[in-house]
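Residue numbers start from 1 in every chain, and the chains themselves are labelled A, B, ... in the order their sequence lines are given, proteins ahead of strands. This is a predicted model, so every value here is computed, not measured.
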Amino acid sequence: MIDLRRLRSEPEFVLAALGRRGIDLAPVEQVLELDRQQREAARRRDEVRNQVRTISADVGRLFKEGRKDEAGALQAQSRALGEQEKALDAEAEALSERIRTALLVIPNLPHADAPDGASEADNPELRKVNFDPDGYGPHQRVPHWEIGKELGILDLERGAKLSGSMFVMYRGGGAALVRALIQLGLDRNADAFEEIRPPTLVRTETMISTGHLPKFADDAYHVERDDLWAIPTAEVPLTSLARDEVLDEADLPSRFMAYTPCYRREAGSAGRDTRGLLRVHEFDKVEILAYATAAQAPALLVEMVGRAEATIAGLGLAYRVIEICTGDMGQSHHRSFDIEVYAPGVDQWLEVSSISWFSDYQARRANIRYRPTGEDGAPGKGTEILHTLNGSALAVPRVWAAVVETHRRPDGQIAVPEMLRPYLGGRELLSAGPSR
RNA sequence: GGAGCGAUGGCAGAGCGGACGAAUGCAGCCGCCUUGAAAGCGGCCGGGCCGAAAGGCCCCGGGGGUUCGAAUCCCCCUCGCUCCGCCA
């Protein structure tokens, strides 16, 4: 969530920044007013509490000295003050709760350099790589679901039979290709990121930390009986790794990666991109994440985009990098880039990675801090909220689709990109038949 | 799933109704001593909120209750450990 103190001290700045997102600012102004009321109530409560404490100490002393009558009188007085304190506390608490609820749905401030814009249409394209619209032959203009069926590596009918539409099943070489892509995604980042295998069912607090709850509850699978949520991305458990912890500045940046299945109800996108692998309820993804100081974050963001990009390029795919404008940013984002891969069979640009800097927005929700290092190398004073960044290193289904479509040969077989061969036992081709 | 025990500062660990935000030890930091280091000695050493400051308030796993007063008593929850059961 945004910094309430900053909202209080620089309201014009915060309102202007949020205004760039094109959202309704009334709730933000309301928080400002509630905050004024809350502090006043808390101040009055604290005064009364102080009196109660002082009197109670006196009561104890008087009892010890055997002055029971005087003590009894003070007890009565303190009891009355206690009633008052209770009422003031309830008032302050109610206000805090309203503020917290409102704050949870107010989005992050966009970075000053994030481009202005109202929607997806205003996202500037930063670069387009490897793309020649006329360079694709008719053999590549076949959608992956047809290729998958022809080669027996993708079985959409049976996926739907088991779990319903938008659940998919890979088989044979297709399943091996999934595993190969996961392994590739991990290996390419293992030089700098510690691998984590987190739980994929998490508690409500864990979903709140990243901003996936309360606002987007309809998009997530919820296991009612145990009150657990199926993670929509490894970002969720990775961000909460350090929840309620205080790290040392010397340990930053701290980097983690995880392969996990990801679960999404896609409630808001019914009927869109429903064919094949374009949008599915369960998919595999390798995620990379960093905890950092504010100063370290910009360079990390560039590095993480570069990592995701290099993997896509290494697979011989055409792609473009776009920056997300203020009107299209996710709630928690401070600055964000997408990588879209071109899939010739469906003739579409598919989002395969979104790399974002969250400033301290998530870390404030998750209460992740660090102890700054002083100039002399000794631990500095106090603690600061750190910054989080994360992005997909490799999202399997769409990359799978682009690989299969891009590398389909005129004879219908798939030429395995060189980078992937070690992960497929050295195989150079995926074909139909027993060796598939 | 059943039974029992536990949760206190970076760690270990006292406290079990009234100067307790919390003894003590270890770790850390700063001085003294030393050619340097160790040892020794002295000092410092949790976090959050409000406030210009002085200062005030909150936090002993979480929530509720009893009391003039709760780390301490009661209730609920969560987590951990041990034993039994079950199990890939």
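Rounded to an integer number of Å, the gap from CG of A/D244 to P of B/G10 is 13 Å. Between the C1' atom of B/G48 and the CZ atom of A/R39 lies a distance of 16 Å, rounded to the nearest Å. If you take CZ of A/R243 and P of B/C79, they are 13 Å apart, rounded to a whole angstrom. Distance A/D35 CG to B/G51 C1': 14 Å, rounded to the nearest Å. Distance, A/E245 CD to B/G47 C1': 15 Å, rounded to whole Å. One interatomic measurement links the two molecules: CD1 of A/I385 to P of B/G48, which rounds to 9 Å at whole-angstrom precision. Rounded to an integer number of Å, the gap from CG of A/D227 to P of B/U78 is 11 Å. Atom CG of A/D248 and atom P of B/C11 are 12 Å apart (whole Å).
Annotation: B/U78 and B/A14 have their P atoms spaced 27 Å apart (nearest Å). Between the P atoms of B/A23 and B/G43, the separation comes to 15 Å (whole Å). B/G48 and B/G10 have their P atoms separated by 11 Å, with the value rounded to a whole Å. Rounded to the nearest Å, the gap between the P atom of B/G21 and that of B/A70 is 11 Å. Comparing B/A37 with B/C32, their P atoms sit 11 Å apart, to the nearest whole Å. Distance check on atom P: B/C73 versus B/A7 gives 11 Å, rounded to whole Å. Atom P of B/C44 sits at a distance of 24 Å from the matching atom of B/A53, rounded to the whole Å.
In this structure B/A3 sits in a base pair with B/U82, meeting the Watson-Crick or G-U test at under 3.5 Å. Base pairing of B/C41 is made with B/G31, judged by Watson-Crick or G-U wobble geometry with both donor-acceptor distances under 3.5 Å. Nucleotide B/G51 has no partner under the Watson-Crick or G-U criteria, as no pair reaches both atom distances under 3.5 Å. Figure legend. B/G61 is base-paired to B/C77; pairs are counted as Watson-Crick or G-U wobble with both atom distances under 3.5 Å. For B/C68, the paired base is B/G18 (Watson-Crick or G-U wobble, both distances below 3.5 Å).
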B/S/- along nucleotides 59-77 of chain B (protein heavy atoms under 4.0 Å) is ---------BS--------

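Judged by distance alone, the side chains of A/S332 and A/N108 never bring a donor and an acceptor atom under 3.5 Å apart. Counted by atom type alone, A/Q362 and A/T388 present one or more donor-acceptor pairs between their side chains at under 3.5 Å.
Judged purely by atom type and a 3.5 angstrom limit, A/Y291 uses its side chain to pair as donor or acceptor with the backbone of A/A242. Looking only at distances, no side-chain donor or acceptor of A/R49 sits under 3.5 Å from a matching main-chain atom of A/E85. Side-chain atoms of A/N367 do not come within 3.5 Å of backbone N or O of A/R243 as any donor-acceptor pair. A/H212 places no side-chain N or O within donor-acceptor distance of the main-chain N or O of A/D219, the cut-off being under 3.5 Å.
Using a cut-off of 4.0 Å between Lys/Arg side-chain N and Asp/Glu carboxylate O, A/R6 and A/D3 are scored as not salt-bridged. Look at A/E47 and A/R43 and you find a salt bridge, because one of the NZ, NE, NH1 or NH2 atoms lies within 4.0 Å of a carboxylate O, short of that distance. Looking at A/R408 and A/E146, no side-chain N of the basic residue comes within less than 4.0 Å of a carboxylate O on the acidic one, giving no salt bridge.
Under 4.0 angstrom from either OP1 or OP2 of B/C50 there lies at least one side-chain N or O belonging to A/R8. Look at A/R371 and you'll find a side-chain N or O under 4.0 angstrom from OP1 or OP2 of B/G47. Using a 4.0 Å cut-off, no side-chain N or O of A/N50 falls inside it from OP1 or OP2 of B/G56. Distances shorter than 4.0 Å separate some side-chain N or O of A/R5 from OP1 or OP2 on B/C49.
Between A/R43 and A/D46, the residue anchored closer to the 5' end of RNA chain B is A/R43, taking for each the nucleotide with the nearest heavy atom. When the nearest nucleotides of RNA chain B are assigned to A/R203 and A/Q51 by heavy-atom distance, the more 5′-ward of the two goes with A/Q51.
A/R49 comes within 4.0 angstrom of the backbone, heavy atoms only, and of no base. When heavy atoms are screened at a 4.0 angstrom cut-off, A/R44 is found touching no nucleic acid atom at all. The residue A/R61 sits close to a base: some heavy atom pair falls under 4.0 Å.
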